[in-house]
Protein chains: 2
Amino acid sequence: MSISYAIEPRSSHVAASATGDLLDRMGVRMAFAKDEEVYGQDEDADLIYRVVSGAVRTSRVMSDGRRQIGDFYYPGDLFGLEPGPEHRFSAEALCDCVILVLKRTALKAAGGEAELANLIMDATMRELQRTQEHLLLLGRKTACEKVATFLSELADRRDADTVDMPMCRQDMADYLGLTIETVSRMLSQLQGASIVEFQGCRQFRIRNHDALARLAA
Amino acid sequence: MSISYAIEPRSSHVAASATGDLLDRMGVRMAFAKDEEVYGQDEDADLIYRVVSGAVRTSRVMSDGRRQIGDFYYPGDLFGLEPGPEHRFSAEALCDCVILVLKRTALKAAGGEAELANLIMDATMRELQRTQEHLLLLGRKTACEKVATFLSELADRRDADTVDMPMCRQDMADYLGLTIETVSRMLSQLQGASIVEFQGCRQFRIRNHDALARLAA
DNA sequence: CGTCATCTTGATTACGCTCAAGCTCCGTGG
DNA sequence: CCACGGAGCTTGAGCGTAATCAAGATGACG
């Protein structure tokens, strides 16, 4: 595995010490290979997952193959909270990764009842918030703005100077509602305008934060 | 007001007897005129709302005026649960309507703690679910499919033979990520194909459920 | 070093947007 | 009761952004 991710949850997360420990104690660590399915569309949704290392995407495929990616998840993120008895989206490993898997019922029985409820509620709220931002992006942004927003967000989430991208162009395209060709063109354009700089197609550095933020709108 | 909506919550709602009553007792009924703001973008989000009669839209406006509509709400629906301390979307009355307004803290104090938490959780989950469907629509559906999906859903939510639409074309367009012209063209197209039939621009009837469902995909 | 998947770039097409005109539906006032 | 006016909706013509189709370039890996 060429790309590696730190294991610590990021500071913005509520999944801190106390409940984090509870999850750790109760959960089972599982390893998934790149592109392996964590759970499938229409599977029962009675498990909760947390990324330990690596990265995950959730996606939904239409009968004719068109795909929409719901979101990407990084170490510390909870996922699999999609509502209803069954998953609407499937989840796959973006790269080799380790996932902490928890049974909801087991957690409840373990007494962390209230704490757990809060944890899930927070994660669900954050999920909803991100999904709403995603709506605006898909519905009302241009290709260039979409790509700029994507890079900007990615840099924010994993705050480092140079950012590694665990996903391929097709994943980006399906997240942004574009084609890989358009994504590629926009990336070239942003690089041409000296707003970002790529070192290989999976790693970039922001050269002009203001310009990027302006495009992300 | 030419269009009127029934006051009873629809059957699919959890907000049934017990908690429904609690909400009724605790909340304040308020009347809003067409296009009046229920709450604004960036306002504090410590209230919960339920549509009593009429209909509501939530929307988000970009600095240059582009608008994305989050969802439409009908009698019985809870809204205003957007996460975080502040609203990301604003809410406006689609037509003259009556809204039940509740203070979260007051509700908690009233003892309905657990019940209330469940109610909010359910509403949030449903919200997330609908938002995820919306993602797929915005990201990967064609104009025709978007409009077909919209009509189909509207008919499902308000199950009557002929369906009244409380929203104008601009609202539809901003929900679907299209322009009013494209929405109008697609509606004409669907009517031309004998899939739906319009009696005036705010009322329609589905003539071919299968075809509509197929387009909605 | 060769092979294959992934990514980029180019040429062309098409879907949906823009701009513009006309139509329909209502409310208002003569 | 009908004429007028205006907002909202529909339709048309032309355009532009992103999709499609098609080569190349790059890069990872055996």
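Note that these values count all heavy atoms, side chains included, but never hydrogens, waters or copies made by symmetry. The sequence lines fix the lettering, A, B, ..., with proteins before strands; numbering per chain opens at 1.
To the nearest angstrom, P of dG16(C) lies 15 Å from CG of L138(A). Atom CD in Q189(B) sits about 11 Å away from atom C1' in dC15(C), given to the nearest Å. Here dG12(D) presents its P atom at 13 Å from CE of M186(B), a figure rounded to the nearest Å. In this structure, K141(A) atom NZ and dA18(D) atom P are separated by 14 Å, rounded to whole Å. When rounded to the nearest whole Å, the span between CG of D64(A) and P of dA19(D) equals 15 Å. Put simply, CG on L176(B) is 12 Å from P on dG16(C), counting in whole angstrom units. In this structure, CD of Q203(B) is placed 16 Å from C1' of dC26(C), rounded to the nearest angstrom. In this entry the distance linking CZ of R67(A) with C1' of dA19(D) reads 17 Å, nearest Å.
Under the ring pair (Phe, Tyr, Trp, His ring centres under 6.0 Å) criterion, Y175(B) pairs with F72(B), H134(B), F150(B), not counting sequence neighbours. Residues passing the side-chain contact (heavy atoms from CB on, under 4.5 Å) test with D161(B) are R205(B), sequence neighbours excluded. By the salt bridge (charged side-chain N to carboxylate O under 4.0 Å, His left out) test, E86(B) is found to be paired with no residue, residues two or more places apart in sequence or in another chain being considered. Residues passing the side-chain hydrogen bond (donor to acceptor under 3.5 Å, both in side chains) test with R140(B) are D174(A), sequence neighbours excluded.
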**Fill in**
Given protein heavy atoms under 4.0 Å, the one-letter contact record of nucleotides 4-9 of chain C, with B base, S sugar-phosphate only and - none, is simply ---SBB

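Annotation: ring-ring contact (aromatic ring centres under 6.0 Å, His included) contacts involving residues 182-201 of chain A, sequence neighbours excluded, comprise F198(A)-F204(A).
OP1 or OP2 of dC17(C) sits under 4.0 Å from a side-chain N or O of T179(B).
Around atom CE of M30(B), no more than 12 heavy atoms belonging to other residues, nucleotides or ligands sit under 6.0 Å away.
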